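Notes for the one structure printed next.
Just so you know, these numbers come straight off a predicted model, no measurement behind them. In what follows, every heavy atom counts, from backbone to side chain, and hydrogens, waters and symmetry copies are set aside.
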2 protein chains.
Amino acid sequence: MTLEDQELKKVGLKVTVPRIKILQILENCLNRHMTAEDIYQALRDAGEDVGIATVYRVLTQFEAAGLIERHNFDNGPAVYEIDRGEHHDHMVCTESGKVIEFHDAEIEKLQERIAAKNGYQLVGHNLVLYVKPLT
Amino acid sequence: MTLEDQELKKVGLKVTVPRIKILQILENCLNRHMTAEDIYQALRDAGEDVGIATVYRVLTQFEAAGLIERHNFDNGPAVYEIDRGEHHDHMVCTESGKVIEFHDAEIEKLQERIAAKNGYQLVGHNLVLYVKPLT
DNA sequence: ATGCCTGCAAAGCTTTTGCAGATGC
DNA sequence: GCATCTGCAAAAGCTTTGCAGGCAT
């Protein structure tokens, strides 16, 4: 019974090969932000015979279970990353495509204040900074 | 020579019926954030025989020309709005779907500071707050 | 044994593109 | 007249879904 097995059980999903493999890939990948296609390719590279439909289904379940987060940068395909419970936002370099994570408590508070000022309660947000290297 | 005609000329686009109509729709619509499909329907309702492909092509040109802005809320279809030169971000009510615009100078500055702290220069950003009414 | 899970293929939805004819300048 | 623009239809890109069989418990 590996750690991955336990994580799956805990969220009420049956322990199956595709789920274990996908969870491992997301936990160990160098590139923390992978598309469904990236994951599909990683599976095939590892010799696993998993369909792309299963990849999407599993990712959807993982997201619903809070194991991973899904992001939509601009208009490209969605990217997924393990949810380690440390909330952060993203910075995307427009020249290299590199993704940098950051967290800023002040910006988080400001958002709540802005929502409140308009008579709302903040339930989530999406912040992406598009940047380029300083000359 | 209407105002719309002049705006089109100024950005180097030929003055054609589809372009004039789409610009008018975006300038006068009650709902400031329309999808390509919304615009296509508005055109058909007005008795104009314009193809959806033209709608997309014209919107892409308008965006490149700086006449309009394109936004991707969550994972739905892109929405477009007239660029009146007043930068703002968006708040989307998760219950009603209502879109509220806001501008906060402090949050803008913070973003530049965060980019700089990481050795980058801010070239753009995407901020959407998902909110619900205060009980 | 049962119900959940999977692969495959097909469809869905949004957006883009090729092409032949139409239109603005 | 010539280049640009348009509508149509087809294709592309990403994602979801139906179905028949397979696997975990």
Side-chain angles (χ1 to χ4, degrees), chain A residues 1-2 4-25 33-44 46-65 67-80, chain B residues 1-2 4-25 33-44 46-65 67-80:
Chain A
M1 171 79 75
T2 71
E4 281 88 12
D5 291 12
Q6 293 175 39
E7 286 189 86
L8 292 172
K9 283 242 168 92
K10 203 186 323 180
V11 297
L13 292 171
K14 277 191 183 170
V15 177
T16 66
V17 172
R19 285 177 183 157
I20 295 171
K21 292 293 176 190
I22 292 173
L23 195 49
Q24 286 177 345
I25 287 171
H33 304 86
M34 302 181 82
T35 65
E37 191 64 28
D38 290 339
I39 294 167
Y40 177 62
Q41 287 307 327
L43 285 165
R44 308 207 92 228
E48 297 295 332
D49 194 15
V50 174
I52 186 77
T54 298
V55 173
Y56 277 106
R57 270 187 294 232
V58 168
L59 289 171
T60 302
Q61 295 159 346
F62 282 6
E63 192 196 8
L67 292 177
I68 64 175
E69 281 190 353
R70 170 187 175 143
H71 303 287
N72 280 87
F73 295 151
D74 213 33
N75 38 11
V79 298
Y80 302 84
Chain B
M1 172 79 75
T2 70
E4 281 88 12
D5 291 11
Q6 293 174 39
E7 287 189 87
L8 291 172
K9 282 243 168 91
K10 202 185 325 179
V11 297
L13 292 172
K14 278 191 182 171
V15 177
T16 66
V17 173
R19 285 176 183 158
I20 295 170
K21 292 295 176 189
I22 292 173
L23 194 48
Q24 287 178 344
I25 287 171
H33 304 86
M34 301 181 84
T35 65
E37 191 64 29
D38 289 339
I39 294 166
Y40 177 63
Q41 287 308 327
L43 285 165
R44 308 209 92 229
E48 296 296 332
D49 194 13
V50 174
I52 186 76
T54 298
V55 173
Y56 277 105
R57 270 187 295 234
V58 168
L59 288 172
T60 302
Q61 295 158 346
F62 282 6
E63 191 196 8
L67 292 177
I68 64 175
E69 282 190 352
R70 169 188 174 143
H71 303 288
N72 279 87
F73 295 152
D74 213 32
N75 39 10
V79 297
Y80 302 83

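- Residue A:Phe73 contributes atom CZ, which lies 16 Å from atom P of D:dC14 at whole-angstrom precision.
- C:dT23 atom P lies 18 Å from atom CG of B:Leu8, rounded to whole Å.
- Here the C1' atom of nucleotide D:dC14 and the CE atom of A:Met34 are 17 Å apart, to the nearest Å.
- To the nearest 0.5 angstrom, B:Gln24 atom CD is 6.5 Å from B:Thr2 atom OG1.
- If you measure from atom CD of A:Glu48 to atom P of D:dC23, you get 14 Å, rounded to the nearest angstrom.
- B:Asn72 has its CG atom 18 Å from the P atom of C:dC13, to the nearest Å.
- For B:Tyr56, a side-chain nitrogen or oxygen approaches OP1 or OP2 of C:dT15 to under 4.0 Å.
- For the pair B:Asp38 CG and C:dT15 P, the computed distance is 11 Å after rounding to whole Å.
- Residues A:Phe62 and A:Leu13 form a side-chain contact, since some pair of their non-hydrogen atoms from C-beta on lies under 4.5 Å apart.
- Distance CD1/B:Ile68 to CG/B:Leu23: 9.0 Å, rounded to 0.5 Å.
- One N or O on the side chain of B:Arg19 and one on the backbone of B:Lys14 form a donor-acceptor pair closer than 3.5 Å.
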Evaluation steps, side chain to side chain contact (heavy atoms under 4.5 Å, CB included), between A:Met34 and A:Ile25: CA-CA 9 Å; A:Met34 302 181 82; A:Ile25 287 171; 3.8 Å; yes
Footprint string (nucleotides 3-12 of chain C, 5' to 3'): B base within contact, S backbone only, - free, heavy atoms under 4.0 Å: BSSSBBB---
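- Atoms CD1 (B:Ile39) and P (C:dT14) sit 14 Å apart, rounded to a whole Å.
- Counting to the nearest Å, the P atom of C:dG24 and the NZ atom of B:Lys21 are 13 Å from each other.
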Steps toward side chain to side chain contact (heavy atoms under 4.5 Å, CB included) verdict (B:Leu43, B:Lys21): CA-CA 7 Å; B:Leu43 285 165; B:Lys21 292 295 176 189; 3.6 Å; yes
